[in-house]
2 protein chains.
Amino acid sequence: MIDPRFATLRVFSSTGSVARTAELTGYSASAVSAQLRELQRTLGIKLITKEGRGVRLTSAGRHFVAGLDGIVTQWELLAASARNASGQVQGQFGLGGFSTAAAQLLAPLAANLRATRPDTEVQLIEAQPQRCLDLLLAERIDLAVIVASQTSGGSAARDRFEQTVLLDDPLDVVLPATHRLAQHKSVALEDLADDPWISESGQSVYRALFVAAFTSLGVTPHIAHEAVEWETMIAFIGAGLGVGLLPRLATLGDAQNVVRRRISGAAKPSRRIVAVTRKGSRGSPLIEESLDILQRTAKDIISLRSAEELDG
Amino acid sequence: MIDPRFATLRVFSSTGSVARTAELTGYSASAVSAQLRELQRTLGIKLITKEGRGVRLTSAGRHFVAGLDGIVTQWELLAASARNASGQVQGQFGLGGFSTAAAQLLAPLAANLRATRPDTEVQLIEAQPQRCLDLLLAERIDLAVIVASQTSGGSAARDRFEQTVLLDDPLDVVLPATHRLAQHKSVALEDLADDPWISESGQSVYRALFVAAFTSLGVTPHIAHEAVEWETMIAFIGAGLGVGLLPRLATLGDAQNVVRRRISGAAKPSRRIVAVTRKGSRGSPLIEESLDILQRTAKDIISLRSAEELDG
DNA sequence: CGGAACCGTGCACAATTGGTGCATGATCGA
DNA sequence: TCGATCATGCACCAATTGTGCACGGTTCCG
């Protein structure tokens, strides 16, 4: 909004690559390249240097981006207050979130907004947490629901985003129905230390949670298989290939041959689900209302759980 | 730089007219109109309203411009530090000032810069103080030398500009050679209370100084004639039509039949000459060097005066 | 009360900006 | 050494953004 090139530069500073920046912003790679070059020309400073087959920010560039973060924040604040003052409708509103969040939290939010604000076009994008942050920077979306983690965004995150905690989502174990502990109401992770585990591949947020859950116990689990989708993981478990961890928010679906059990014991691993916005964009009426709705939805989920807890 | 439309809007907020904004920014009137309309559209707020045959900012517009001032300041700071960090040359550099300042202060500065920075294109614009401020806003110039006054810029001035005092320029009286006090070394304004005066027309800064000099004495001078150029005023005085005030920096030229005399007495009217920059643009190497040179030049002028003082 | 001056805006048209798609050179991994 | 990947230059095209001019509304002045 303030200057499209700023968004491009900020995404680049996050991804470190022209190609990824192009993919995230929706521009072509040559457009990103040209934008950065043009930006350097008008500023009269070198922002990027060639490094290997890629390109990276110069120290002057990093310094400039850091200053830009403050300016963009102030701009967001101003734009939000302007939108707030005049009761004008906002044309577009983009939401992002990872799979379970999208299903459980964003879908109700989108439905609600569609009902109360028919003139606003709400767009949903499902994406991994890090990607959600980059989409926020790229101004493709205005609000994201992601799993909190230290790695996401790095140190620049606090200059660029604001977080609101929605809920803590505990992890459950998923066992084959034939597992020796399948009949227990709850299971301690220590008792599964020697079982073959199924986790997610790559260095996803889930994977980080997975290892964190065990390192706090001083246990190194044996990861026998890796899956990308939970659907797949659950199928593996159903086939008796091992055991797995599944966030409470994720549904088992119509999976056969598996049971979901609470985790007992000292360590109760959970993931923290937060809503993230660009810094300064709070105060915009749509953002404020959305956060409100999200928190109410989260509260409903929590109270529903306590009810189940009492039932069980 | 950050967004040309911002400069346009800021100039408009200062001038209050599309036509004057167009003249100052160098755009056509319809371009200014279109820019403001486009800005409103993308922001989703109404910035201006029709009023009479003109147009004025809405309260939301004023609020937005106030916030914009802060953002532009921060941008100037960032751009200045970026330029400073990388020893890149700045392509263009614009200077503005009113007539005497242009001659006595800006000309040496321009000559100096031309010598030390041959790659930078220095542009000089002579203009009245208020116009200089608007040209600064319009980013047509980067530094102005003007006479300080309360009226110039209004309350928004402190959010938009930074000042550096260069020197205090005392006013002298100019008398016809045949005047009864022409032989005195110095003259008290009170002794000229009943003489016919020649001043400047309109509500210029000089005119404001003129009335201020007398109101502090409780005297209302009789303004018999008005002139636009000092050249003209001096000619009027030489013709015996009255007496006048002339800043020390302004030269008498080769005027005949007139004498210049110091003002004695309690009230020693003077005008304060200051260098003005856009807020935040200090720190840019060119600005810093220019201010340095200006202050040295001012110092030279002052010490030259003390020397003359001792001679006389 | 009428006319002239002025102001801001809409419109046709032109120029510049800013985009894509493809080819190219350079670098890295296998 | 070959293929994959990356950034960038270039031809080309679209969209933005400028100008010049005509027009309607308002104010000032005779």
Side-chain angles (χ1 to χ4, degrees), chain A residues 1-58 60-62 65 91-92 131 134 138-140 202, chain B residues 1-58 61-62 65 91-92 131 134 138-140 202-203:
Chain A
M1 155 63 67
I2 182 171
D3 185 337
R5 298 203 276 310
F6 291 172
T8 304
L9 177 60
R10 270 154 49 97
V11 175
F12 175 83
S13 84
S14 173
T15 64
S17 131
V18 170
R20 276 190 294 274
T21 304
E23 194 274 331
L24 283 159
T25 53
Y27 290 115
S28 66
S30 44
V32 171
S33 179
Q35 282 191 9
L36 295 179
R37 180 155 32 93
E38 177 63 11
L39 205 53
Q40 293 185 100
R41 200 188 59 76
T42 60
L43 285 170
I45 59 176
K46 265 189 68 179
L47 294 174
I48 54 179
T49 335
K50 281 196 265 256
E51 173 166 280
R53 70 178 156 181
V55 85
R56 67 167 176 79
L57 281 178
T58 62
R62 274 192 300 278
V65 169
Q92 291 200 334
R131 187 180 164 80
D134 287 333
E139 303 186 5
R140 292 272 294 268
Chain B
M1 157 61 66
I2 183 173
D3 186 335
R5 302 206 267 326
F6 291 171
T8 304
L9 177 60
R10 271 155 49 96
V11 174
F12 175 82
S13 84
S14 172
T15 64
S17 133
V18 170
R20 275 189 294 273
T21 304
E23 195 273 332
L24 283 160
T25 54
Y27 290 115
S28 66
S30 45
V32 171
S33 180
Q35 281 190 9
L36 295 179
R37 180 155 32 93
E38 177 64 11
L39 204 53
Q40 293 185 99
R41 199 189 59 77
T42 59
L43 285 170
I45 59 176
K46 263 189 69 179
L47 295 174
I48 54 180
T49 335
K50 282 196 265 254
E51 173 165 280
R53 70 177 156 183
V55 85
R56 67 168 177 79
L57 282 177
T58 62
R62 273 191 301 277
V65 169
Q92 290 199 333
R131 187 180 164 82
D134 288 333
E139 302 186 6
R140 290 272 294 270
Q203 66 274 35

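So you know, we letter chains A, B, ... as the sequences are listed, proteins then strands, and number each from 1.
Note on B:A19: only backbone sugar-phosphate atoms sit closer than 4.0 angstrom, heavy atoms only; bases stay farther off. Residue contacts shown for A:E38 are absent, as no nucleic acid heavy atom lies under 4.0 Å away.
Atoms CZ (B:R41) and P (D:dA15) sit 14 Å apart, rounded to a whole Å. One interatomic measurement links the two molecules: CZ of B:R5 to P of C:dT17, which rounds to 15 Å at whole-angstrom precision. Taking atom CG on B:L57 and atom P on C:dG8, their separation rounds to 12 Å, with Å as the unit. Atom P of nucleotide D:dT27 and atom CZ of B:R56 are separated by 14 Å, given to the nearest angstrom. Counting to the nearest Å, the P atom of C:dT16 and the CD atom of B:Q35 are 17 Å from each other. If you measure from atom CD of A:E23 to atom C1' of D:dA7, you get 17 Å, rounded to the nearest angstrom. Computed from coordinates, the B:I48 CD1 to C:dC7 P distance equals 15 Å when rounded to whole Å. Nucleotide C:dT9 holds its C1' atom 12 Å from the CG atom of B:L36, rounded to whole Å.
With hydrogens and angles ignored, the 3.5 Å screen pairs no side-chain donor or acceptor of A:S33 with any backbone N or O of A:S30.
Distances from the side chain of A:S33 to the nucleotides C:dG19, C:dA5, D:dT8 place D:dT8 closest.
Annotation: of the two residues near DNA chain D, A:S30 and B:A31, the 5′-most nearest-nucleotide partner is A:S30. Along DNA chain C, the nucleotide nearest A:V32 and the nucleotide nearest A:E51 are compared for position; the residue whose nucleotide lies closer to the 5' end is A:V32. Residue whose closest nucleotide on DNA chain C sits further toward the 5' end, between A:Y27 and A:G54: A:Y27.
In this structure, A:I2 and B:D3 have side chains that are not in contact, with every pair of non-hydrogen atoms separated by 4.5 Å or more. Looking at A:V32 and A:T25, their side chains come closer than 4.5 Å, going by heavy atoms from C-beta outward. Counting heavy atoms from C-beta on, the side chains of B:Q40 and B:Q35 never come closer than 4.5 Å.
For A:R53, no side-chain nitrogen or oxygen approaches OP1 or OP2 of D:dA4 to under 4.0 Å.
Between B:E38 and B:R41, at least one side-chain nitrogen of the basic residue sits less than 4.0 Å from a carboxylate oxygen of the acidic one, meeting the salt-bridge criterion.
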